[in-house]
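Comments concern the structure below.
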Amino acid sequence: MAGETIRVLLVDDQPLLRMGFRLILEGEDGVVIVGEASNGAEGARMAAALKPDVVLMDVRMPIMDGIEATRLITQSGSCSRIIILTTFDLDEYAFAGLQAGASAFLLKDVGPDELVNAVRVVASGDAVVAPRVTRRLLETYVRSLPPLATPRPVDPLLEDLTPREREVLEAIAEGLSNAELAHKFFLSEATVKTHVRRIFTKLHLRDRVQAVVYAYESGLVVPSQGQDY
């Protein structure tokens with residue numbers, strides 16, 4: 001997204017919150033608010049019509065909540081990336097949002113700098129698992145997974161990955177950046193980006209957060225109490 005305008009859709013039933021986010025984001029170079037919606041159903045419709053790069057999506061709203069709206073947007077094949085807004089650090093809906101296709105979570109009382117950074121990070125699609133709340137959420141989820149009595153059946157899609165691509169996916173699940181992947185595997189960053197792009201295409205993944213979720217849910221990576229991102 002370098003040098004390009006990031007188009008943002010605000011979806012929240014609180015007008016004052018939308019106004020605050022609009023004021024913060026429109027004060028940034030290269031960020032424009034393309035629309036506002038007050039419930040998930042309206043947000044999903046506007047996302048389809050406006051095709052924003054990033055959707056800031058509240059969790060709890062009338063008519064349709066943010067989780068279902070996220071699911072509708074991602075299942076439609078939209079390229080919009082979604083940041084879920086939540087009041088609590090480890091909201092009960094949080095992981096459901098990631099499973100529905102959200103790329104990140106932010107607390108509603110997030111500071112201006114962190115809000116802007118999160119929008120840029122998610123719009124880029126190349127960043128390490130972030131921001132902070134998403135990272136903590138994944139850590140908590142991974143550590144809460146019970147040990148398996150029997151191995152999960154192997155996802156047939158994993159068979160389409162080359163040995164190198166499987167290694168790269170495992171490293172992405174550890175939270176490594178493209179630069180760190182390049183160093184680990186003695187590759188150029190351009191080659192790493194190609195591997196990452198092919199992994200996402202083969203596994204039908206939207207971004208790195210979805211890759212982390214997939215790696216653990218598929219059993220490719222086994223959670224460890226010492227796991228850190």
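Every heavy atom of this structure was used, including side-chain atoms; hydrogens, water molecules and symmetry mates were not.
- The nearest pair of heavy atoms linking Val122 to Ser103 is CG1-CB, 3.9 Å.
- Scanning all heavy atoms of the two residues, the minimum distance from Ile172 to Ala211 falls at CG2-CB, 4.0 Å.
- With hydrogens and angles disregarded, a donor-acceptor distance shorter than 3.5 Å links the side chain of Ser80 to the backbone of Pro52.
- The backbone N or O of Lys51 sits less than 3.5 Å from a side-chain atom of Arg7, completing a donor-acceptor pair.
- Atom CG of Leu169 is separated from atom CD1 of Ile199 by 5.5 Å, given to the nearest 0.5 angstrom.
- Between Thr194 and Arg197, some side-chain heavy-atom pair lies under the 4.5 Å cut-off.
- Here the side chains of Asp53 and Arg81 are not in contact, with every heavy-atom distance at 4.5 Å or above.
- A single hydrophobic cluster is not seen to contain both Leu72 and Leu9; linkage of ILVMFWY side chains at heavy-atom distances under 4.5 Å, directly or through other members, places them apart.
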| request: Go through Phe185 and Val192 one step at a time and tell me if the side chain to side chain contact (heavy atoms under 4.5 Å, CB included) criterion holds. | output: CA-CA 9 Å; Phe185 297 115; Val192 166; 5.8 Å; no
| task | Begin from the C-alpha positions of Lys108 and Asp58 and carry the test salt bridge (Lys or Arg N to Asp or Glu O under 4.0 Å) through to its verdict. | result | CA-CA 9 Å; Lys108 284 192 172 185; Asp58 187 20; 3.0 Å; yes
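- Annotation: Arg206, atom CZ; neighbour count of heavy atoms from other residues, nucleotides and ligands within 6.0 Å is above 12.
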| task | Could you check Lys202 against Leu157 for side chain to side chain contact (heavy atoms under 4.5 Å, CB included), going step by step and ending with a plain yes or no? | result | CA-CA 7 Å; Lys202 290 180 179 181; Leu157 291 178; over 6 Å; no
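- Residue Arg18 holds its CZ atom at 5.0 Å from CD of Glu36, rounded to the nearest 0.5 Å.
- A 4.5 Å side-chain heavy-atom check between Val55 and Ile83 finds every atom pair outside the cut-off.
- Side-chain polar atoms of Ser76 and Ser78 form no donor-acceptor pair below 3.5 angstrom.
- A heavy-atom distance below 4.5 Å is found between the side chains of Val119 and Val8.
- Under 3.5 Å, the side chains of Ser188 and Thr191 contain a donor-acceptor pair of N or O atoms.
- Ile73 and Ile63 sit in two unconnected hydrophobic clusters of ILVMFWY residues. Membership requires side-chain heavy atoms under 4.5 Å apart, directly or through other members.
- In the hydrophobic clustering of ILVMFWY residues, with side-chain heavy atoms under 4.5 Å counting as a link, Val32 and Met46 come out together.
- At least one side-chain heavy atom of Val116 sits less than 4.5 Å from a side-chain heavy atom of Ile24.
- In this structure, CD in Glu167 is found 11.5 Å from CG in Leu161, a value given to the nearest 0.5 Å.
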| Asn178 vs Val196, side chain to side chain contact (heavy atoms under 4.5 Å, CB included): CA-CA, chis, key distance, verdict | CA-CA 9 Å; Asn178 283 347; Val196 171; 4.0 Å; yes
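- Taking the side chain as every heavy atom from C-beta outward, Thr5 and Val31 never approach each other to under 4.5 Å.
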| field | Derivation and outcome, side chain to side chain contact (heavy atoms under 4.5 Å, CB included), residues Val59 and Asp65 | value | CA-CA 6 Å; Val59 171; Asp65 65 31; 5.7 Å; no
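- Ion pairing of Glu42 with Arg45 is absent here, as no side-chain N (NZ or NE/NH1/NH2) approaches a carboxylate O to less than 4.0 Å.
- Smallest separation of non-hydrogen atoms from Ser177 and Arg208: C-NH2, 3.7 Å.
- Annotation for Leu115 and Val110: closest pair N-CG2, 3.7 Å, computed over non-hydrogen atoms.
- Summarising the geometry, atom CG belonging to Leu203 is positioned 5.0 Å from atom CG belonging to Leu205; distances are rounded to the nearest 0.5 Å.
- Atom CD of Gln14 is separated from atom CG of Leu85 by 10.0 Å, given to the nearest 0.5 angstrom.
- When all heavy atoms of Ala41 and Met64 are compared, the pair lying nearest together is N-CB, 3.5 Å.
- Side-chain contact between Arg71 and Ile67: present, with at least one pair of heavy atoms (C-beta onward) separated by less than 4.5 Å.
- Annotation for Gly35 and Leu50: closest pair CA-CD1, 4.2 Å, computed over non-hydrogen atoms.
- Taking CE from Met57 and CG from Leu10, the interatomic distance works out to 11.0 Å, rounded to the nearest 0.5 Å.
- A heavy-atom distance below 4.5 Å is not found between the side chains of Leu56 and Asp12.
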